[in-house]
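What follows is a single structure, and I will ask about it in a moment.
All residue numbers refer to positions in the sequence shown, counting from 1. For the numbers below, each heavy atom of this structure counts, side chains included, while hydrogens, waters and symmetry mates do not.
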Amino acid sequence: RKHTTRRRAIVEALAEKMEGINGSAPFRTSVAKVERRLKFWDEVEEFPTIHIGAGAETRQYEGAGFRFRFLSLTIRCYVSDDDDVILALEELLEDVETVLEDNDPLEYTDSTGASQSTVQMNILTVDTDEGVLEPLGVGEITCEIRY
């Protein structure tokens, strides 16, 4: 089973790392909640919150039976701020990016209990609503994880 998907284990490991965003250096914000799946706006009750959703997964087949797996992740960040929602969102996105960079490669435990690690995490896009929903704000980071 060495080439099976590890989606759930990777999302869980990343969520645990995101829960460490507590406002202490090097972080600028403190996260109220980290969800292991994407939710609709009306389900968000605490701010700031981070939702991590696993997307499509592809394979790249190499010689000698070796293969890479590529997992697409969406990390959605929600904030609420009456003063400057754009700044609050930017700070949270910076913190998320710090977690991604500081944990590349990401250590995780697979479904059999074996320790594993990713090969590489690439941030593909960072996007925000640019204050359209003020005093609420939403930002999204999409990344690709090779393992």
Any side-chain heavy-atom pair of Arg6 and Arg69 under 4.5 Å: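 Yes. Closest side-chain heavy atoms under 4.5 Å.
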Between Tyr108 and Glu16, do the side chains contain a donor N or O and an acceptor N or O under 3.5 Å apart?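 Checked: Glu16/Tyr108 side chains show no N/O donor-acceptor pair below 3.5 Å.
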Quick check for you: to the nearest 0.5 Å, what is the distance between Glu91 atom CD and Asp81 atom CG? 9.0 Å
Side chains of Glu130 and Leu89: closer than 4.5 Å at any heavy-atom pair? no
More than 12 heavy atoms of other groups within 6.0 Å of Phe40 CZ: no
So among Val85, Leu93, Val138, which one has a side chain to side chain contact (heavy atoms under 4.5 Å, CB included) with Thr128? Leu93
Among Asn122, Thr74, Asp127, Thr125, the one residue meeting side-chain hydrogen bond (donor to acceptor under 3.5 Å, both in side chains) with Thr142: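 That would be Thr125.
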So do the side chains of Leu92 and Val31 get within less than 4.5 Å of each other, counting heavy atoms only? yes
Once the angle between the rings of Trp41 and Phe47 is folded into 0 to 90°, is it parallel (under 30°), tilted (30 to 60°) or perpendicular (over 60°)? tilted
Worked verdict on Leu14 versus Leu100 for side-chain contact (heavy atoms from CB on, under 4.5 Å): CA-CA 8 Å; Leu14 191 55; Leu100 292 172; 3.8 Å; yes
How long is the straight-line distance from CD1 of Ile21 back to CD1 of Ile50, given to the nearest 0.5 Å?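 Output value for this atom pair is 4.0 Å.
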Looking at Lys17 and Glu101, is there a salt bridge between them, counting it only when a charged N and a carboxylate O are closer than 4.0 Å?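 Between Lys17 and Glu101 there is no salt bridge, as every charged N stays at least 4.0 Å from the carboxylate O atoms.
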Atom of Ile75, atom of Val96 and distance for their closest heavy-atom approach: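 Residues Ile75 and Val96, closest heavy atoms: CG2-CG1, 3.9 Å.
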Do you know which two heavy atoms are closest between Glu46 and Ala32, and how far apart they sit? CB-CB, 3.9 Å
Can you tell me if CZ on Arg36 sees more than 12 non-hydrogen neighbours from other groups inside 6.0 Å? yes
May I ask whether Phe70 and Val119 are part of the same hydrophobic cluster, defined by side-chain heavy atoms of I, L, V, M, F, W, Y residues being less than 4.5 angstrom apart, directly or through others?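 Linked within one cluster.
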Can you tell me if Arg76 uses its side chain to pair, donor with acceptor, with the backbone of Arg37 under 3.5 Å?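 Looks like no, no N/O pair under 3.5 Å.
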Out of curiosity, Glu94 CD to Cys77 SG, how far, rounded to the nearest 0.5 Å? 11.5 Å
Do Ile52 and Tyr78 share a hydrophobic cluster, counting only Ile, Leu, Val, Met, Phe, Trp and Tyr and linking them when any side-chain heavy atoms are less than 4.5 Å apart? no
To the nearest 0.5 Å, how far apart are CD1 in Ile86 and CD in Glu134? 6.5 Å
Counting distance only, does the side-chain N/O of Asp95 pair as donor-acceptor with the main-chain N or O of Phe27 below 3.5 Å?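 Between the backbone of Phe27 and the side chain of Asp95 there is no qualifying donor-acceptor contact (under 3.5 Å).
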Looking only at non-hydrogen atoms, find the nearest pair between Glu97 and Ile141 and report the distance.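 Between these two residues, the closest heavy atoms are N-CD1, 4.5 Å.
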Check whether any side-chain heavy atom of Ile145 lies under 4.5 Å from a side-chain heavy atom of Leu73, and answer yes or no. yes
Please confirm whether the backbone N or O of Lys33 pairs with a side-chain atom of Thr49, one donor and one acceptor, at under 3.5 Å?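 Here the side-chain-to-backbone pair exists.
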Euclidean distance, Arg146 CZ relative to Gln120 CD, rounded to 0.5 Å: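 If I round to the nearest 0.5 Å, the distance is 5.0 Å.
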Is any side-chain heavy atom of Leu136 less than 4.5 Å from a side-chain heavy atom of Val44? no
Would you please test Glu90 and Val79 for side-chain contact (heavy atoms from CB on, under 4.5 Å) and show each step? CA-CA 10 Å; Glu90 290 293 331; Val79 298; over 6 Å; no
Closest contact, heavy atoms only, Thr98 versus Pro26: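 Closest heavy-atom pair between Thr98 and Pro26: CG2-CG, 4.3 Å.
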How are the rings of Phe68 and Phe66 set to each other: parallel, tilted or perpendicular (split at 30° and 60°)?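 Rings of Phe68 and Phe66: perpendicular, as their planes differ by over 60°.
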Going hydrophobic residue to hydrophobic residue with side-chain gaps under 4.5 angstrom, can you get from Leu133 over to Leu38? no
For the residue pair Thr112 and Asp110, what are the closest heavy atoms and their distance?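 Closest heavy-atom pair between Thr112 and Asp110: OG1-OD1, 2.7 Å.
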Spatial distance of atom CZ (Arg67) from atom CD (Gln60) [nearest 0.5 Å]: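 Going from CZ on Arg67 over to CD on Gln60, the span is 12.0 Å.
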Between Pro135 and Asp82 the two heavy atoms that sit nearest each other are CB-OD1, 3.5 Å
